[in-house]
Every structure is written in structure tokens, then in C-alpha cells.
*Asks:* 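Let me give you the structure first, and then I'll get to my questions.
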Number of protein chains: 2
Amino acid sequence: MDTKDRQIIRALQRDGRMTNQDLAEAVNLSPSPCLRRVRNLEAKGVIQGYSAEVDPAAYGLAITVFVRIKLERHNEEDVQKFEKRVRLIDEVLECHVMTGAMDYQLRVLVPDLEAYENFIRNRIHPIGGIASIDTSFVYGTVKRTAVFPLSR
Amino acid sequence: MDTKDRQIIRALQRDGRMTNQDLAEAVNLSPSPCLRRVRNLEAKGVIQGYSAEVDPAAYGLAITVFVRIKLERHNEEDVQKFEKRVRLIDEVLECHVMTGAMDYQLRVLVPDLEAYENFIRNRIHPIGGIASIDTSFVYGTVKRTAVFPLSR
DNA sequence: CCCCTGATTGGCAGATTTTGCCAATTTATA
DNA sequence: TATAAATTGGCAAAATCTGCCAATCAGGGG
């Protein structure tokens with residue numbers, strides 16, 4: 001992981017579909033060592049995959065919600081159960097374990113408010129063992145980028 | 001935006017670099033109409049771009065932080081100033097306007113705790129007009145996907 | 001200071017993929 | 001049902017990918 005690798009990573013975060021030729025030019029390499037570095041980053045798991053960035057509203061998912069959840073108990077069994085169930089819910093795009101007053105923060109995508117109510121009632125509450133839920137809707141997005149800051 | 005478009009979108013969210021030929025096969029089209037649909041989704045802004053998914057820790061950014069910020073005043077000028085400044089900060093990958101007790105939630109990536117302290121002192125506080133800051137560090141990630149739920 | 005070793009690079013060529021064009025098919029509308 | 005519009009599939013030229021080999025570079029030991 002040298003400077004060249006970091007350049008490659010940031011270029012592919014900006015445009016994950018750029019051709020290897022363009023990428024090579026952008027980082028001052030010829031195509032073949034450039035491709036070799038990319039494949040290497042993929043094999044080592046530094047680059048975990050590639051994905052299309054899609055406008056959720058245009059797709060029909062107008063509402064983004066951050067849901068913060070606290071469990072009643074934190075024994076191994078209840079924690080495992082919660083995490084396993086959460087992973088299976090398609091509307092949950094992200095779930096992190098957090099410091100602070102709440103245990104988890106979820107990023108959830110739903111078409112409308114009614115769907116959010118159903119999500120909480122039919123997907124979250126049935127898991128059981130939940131002490132409290134705190135919901136914040138996203139009004140607007142000021143910034144959203146996939147490009148990491150240059151580190152050193 | 002029909003079923004086929006949604007299939008294409010979800011396939012490209014799973015693997016943004018799959019070849020058009022494979023994509024066409026996955027959605028039961030021949031390559032040329034498939035590519036035409038993709039280009040159309042890009043032109044309409046439904047697909048906003050493509051990006052590499054990178055392991056932050058492997059890149060050297062071990063710490064993910066969600067920062068919730070409340071402003072002192074909400075007049076046009078202070079709000080614009082805050083948002084403009086936040087957009088320029090490389091460590092901030094996301095910033096959303098939120099309902100609830102806090103005004104904004106930021107997703108921030110830094111190499112270590114010291115860098116986070118510097119981030120707050122040198123990047124956030126100097127903006128001014130901030131009433132309160134609430135920090136939650138990410139301990140672990142239970143789920144993270146780019147693939148939207150199928151909407152109807 | 002030079003040589004040796006291992007790692008990385010650049011160029012080449014065959015295989016694969018993209019992409020614009022046209023005729024044929026399907027879908028929607030009157 | 002007839003017509004118009006939109007969408008599709010196939011083809012071929014252009015661009016790209018990717019494995020291989022010789023050349024170059026960086027670092028350590030004598």
C-alpha cells in the first residue's frame with residue numbers, strides 16, 4: 001500500500017468504471033502494471049467491490065431514515081439474534097455498532113412514511129429485546145462522496 | 001423506470017464493473033438494448049456514478065465517526081455558511097440535514113483518535129455558530145450493502 | 001563501489017468487450 | 001384492426017483487457 005495504490009484507490013472511488021487505460025494514465029503507469037496493482041488490491045480485500053451510485057428517490061425510495069436502537073440486554077445470545085435478523089432485512093442498507101447512548105445505528109430506505117411504519121412494526125419490533133428506538137429522517141443531503149481523504 | 005431498469009440497477013449495485021454482456025444476460029436482454037438502458041439511466045441521473053468500495057482500515061483510516069451537530073441560529077446566512085464549509089472538508093464523506101434534536105449528521109473518516117480531535121478543533125469549531133456536537137464512534141459494522149430493496 | 005536478487009515495469013498480441021447502426025419485433029393508441 | 005412509436009437483436013469496427021516476456025529499478029551483502 002504505497003502512494004500509487006492510494007492514487008489508484010481514490011481514482012476508482014471517483015469513477016469505478018474508468019477504463020484501465022485511463023486509470024493508468026491518471027496515476028502515471030502503463031496499463032499492465034496498473035491492472036496488476038488493481039487486481040492485487042482486490043485480492044487483498046482492500047478493494048471489496050464496485051457499485052453503481054443510484055438516486056434513491058428516482059428509484060422509488062423517497063425516504064432515508066437513520067434509526068438508532070438500544071437493546072434491553074447485551075448477552076451474546078440476544079446480540080447475535082438481533083444482528084442476524086437485521087442482516088436479513090432488505091430495507092436496512094447499513095447497520096453499525098456504536099459508542100454512546102444507543103447500541104446500533106441503521107440506515108434504512110423506504111418508499112414512504114407508511115412503509116416506514118410497517119418496517120418498524122413488522123421487521124424491527126418482532127425481533128424482540130429492544131429497549132428503545134430513535135428515528136431521524138433525512139431532509140436533505142449536503143454532501144455525499146465515496147472518495148477517501150488522502151491519508152498522509 | 002420499469003422492472004427491467006430496476007433489475008439493471010440492482011445488478012450494477014451488486015457489481016458496478018460487470019461487463020455489459022453479463023449484465024444483459026442477467027436481465028434477459030441482448031447487449032445492445034441493455035447498454036442503451038444503462039446509458040439512459042446515467043443520462044437521466046438515476047445512476048449518478050460508479051465507485052470502488054474500499055476497506056477504510058486497510059487504506060489507513062481506522063476510525064469511522066458519526067457526528068451530530070446543532071447550530072445556534074438557523075438563519076439563511078449561517079446555514080449556508082455551515083454547509084458550504086462542510087462540503088470542503090475531505091474527512092466528511094456524508095452530511096445530511098436531519099429531523100430531531102440535532103440539525104446535521106456527518107459521517108467522518110480519520111486515521112486515529114488524535115486526528116479526530118484535530119478534525120473537531122481545526123475543521124468544525126472554526127466554522128462558528130455551532131451550539132452542540134454529539135460524537136458516536138463506530139465499533140463494528142453488522143451490515144453494509146449498496147443494493148436497494150426491490151420496490152414493488 | 002559493484003554485483004546480485006527480487007520486485008516492478010512496459011510493450012506486445014490474442015481474446016474479449018463495447019458501441020453505433022439498421023432491420024425486425026413488440027407495444028401502445030386510436 | 002391499423003398505425004405509429006418505442007424497443008429489441010444482430011452485426012462489425014473500434015476499443016479494451018489481460019497474460020507473457022524481456023528490460024528496468026530498488027535494496028542488501030560482499
Side-chain angles (χ1 to χ4, degrees), chain A residues 1-61 111 145-152, chain B residues 1-61 111 145-152:
Chain A
M1 172 69 64
D2 55 12
T3 302
K4 205 122 276 187
D5 281 341
R6 266 185 277 269
Q7 284 182 294
I8 288 175
I9 285 170
R10 283 166 46 92
L12 287 176
Q13 284 177 328
R14 263 185 290 271
D15 178 6
R17 281 202 81 136
M18 70 194 299
T19 68
N20 183 57
Q21 302 198 359
D22 290 348
L23 177 61
E25 190 176 350
V27 302
N28 287 313
L29 275 178
S30 71
S32 59
C34 183
L35 182 65
R36 205 125 22 90
R37 278 173 176 269
V38 172
R39 293 288 176 264
N40 206 28
L41 290 167
E42 290 168 355
K44 284 192 303 188
V46 179
I47 295 178
Q48 297 169 326
Y50 300 87
S51 122
E53 297 166 346
V54 179
D55 176 5
Y59 178 89
L61 297 165
T145 179
V147 184
F148 288 173
L150 356 91
S151 182
R152 85 217 61 224
Chain B
M1 171 70 65
D2 55 12
T3 302
K4 205 123 279 187
D5 281 341
R6 265 184 278 269
Q7 283 182 293
I8 288 174
I9 285 171
R10 283 166 46 93
L12 288 175
Q13 284 177 328
R14 263 186 290 271
D15 179 4
R17 281 201 82 135
M18 69 193 298
T19 67
N20 183 58
Q21 302 196 2
D22 290 348
L23 177 61
E25 191 175 351
V27 302
N28 286 314
L29 275 178
S30 72
S32 58
C34 183
L35 182 65
R36 204 121 28 85
R37 277 174 177 269
V38 172
R39 292 290 175 263
N40 204 31
L41 289 167
E42 290 168 355
K44 283 192 304 187
V46 179
I47 295 178
Q48 297 168 326
Y50 300 87
S51 124
E53 296 166 346
V54 179
D55 176 5
Y59 178 89
L61 297 166
T145 180
V147 184
F148 287 173
L150 356 91
S151 181
R152 81 217 62 223

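In what follows, every chain begins at residue 1, and chains take the letters A, B, ... in the order their sequences are listed. These figures come from a predicted structure and were not determined experimentally.
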*Asks:* Is the closest side-chain heavy-atom distance between A:Gln7 and A:Leu29 below 4.5 Å?
*Replies:* no

*Asks:* Please report, rounded to the nearest Å, how far the P atom of C:dT26 is from the CZ atom of B:Arg37.
*Replies:* 15 Å

*Asks:* Tell me whether A:Tyr59 contacts the main-chain N or O of B:Met1 through its side chain, where contact means a donor paired with an acceptor under 3.5 Å.
*Replies:* no

*Asks:* Could you tell me whether a side-chain N or O of B:Arg17 sits under 3.5 Å from a main-chain N or O of A:Gly16, the two making a donor and an acceptor?
*Replies:* yes

*Asks:* Looking at residues at least two apart in the chain, or sitting in another chain, which of them share a ring pair (Phe, Tyr, Trp, His ring centres under 6.0 Å) with B:Tyr50?
*Replies:* none

*Asks:* Of all heavy-atom pairs between A:Gln48 and B:Val54, which one has the smallest distance, and what is that distance?
*Replies:* OE1-C, 4.1 Å

*Asks:* To the nearest Å, give me how far apart CZ (B:Arg17) and C1' (D:dT18) are.
*Replies:* 13 Å

*Asks:* Of all the nucleotides listed (D:dC17, C:dT18, D:dT7), which has the minimum atom distance to the side chain of A:Asn20?
*Replies:* D:dC17

*Asks:* Can you check the A:Asp5 CG to C:dT8 C1' distance for me, whole Å?
*Replies:* 12 Å

*Asks:* For salt bridge (charged side-chain N to carboxylate O under 4.0 Å, His left out), just list the numbers for B:Arg37 and B:Asp2, CA-CA rounded to whole Å, side-chain angles, deciding distance to a tenth of an Å, and then say yes or no.
*Replies:* CA-CA 11 Å; B:Arg37 277 174 177 269; B:Asp2 55 12; 3.0 Å; yes

*Asks:* Please report the distance, rounded to the nearest Å, between CG in B:Leu23 and C1' in C:dT18.
*Replies:* 13 Å

*Asks:* Which residues within residues 38-54 of chain B lie with some heavy atom under 4.0 Å of an atom in DNA chain C?
*Replies:* B:Arg39

*Asks:* Tell me: CD1 of B:Ile8 to C1' of D:dT8, nearest whole Å?
*Replies:* 13 Å

*Asks:* Return the value, rounded to whole Å, for the distance between atom CE of B:Met1 and atom C1' of D:dA6.
*Replies:* 18 Å

*Asks:* What string of B, S and - do you get for nucleotides 9-15 of chain D, 5' to 3', if B is base contact, S is sugar-phosphate-only contact and - is no contact with any protein heavy atom under 4.0 Å?
*Replies:* BB-----

*Asks:* Would you say that B:Arg10 contacts B:Leu150 through its side chain, given a criterion of any heavy-atom pair below 4.5 Å between the two side chains?
*Replies:* yes

*Asks:* Rounded off to whole Å, could you give me the CG-to-P distance for the A:Asp2 and C:dA7 pair?
*Replies:* 15 Å

*Asks:* Would you say B:Arg36 and B:Asn40 make side-chain contact, with heavy atoms under 4.5 Å?
*Replies:* no

*Asks:* Between B:Gln13 and B:Ala146 (side chain of the first, backbone of the second, donor and acceptor by atom type, cut-off under 3.5 Å), is there such a pair?
*Replies:* yes

*Asks:* Whole angstrom is fine here: how far is it from CG in A:Leu35 over to C1' in C:dC12?
*Replies:* 15 Å

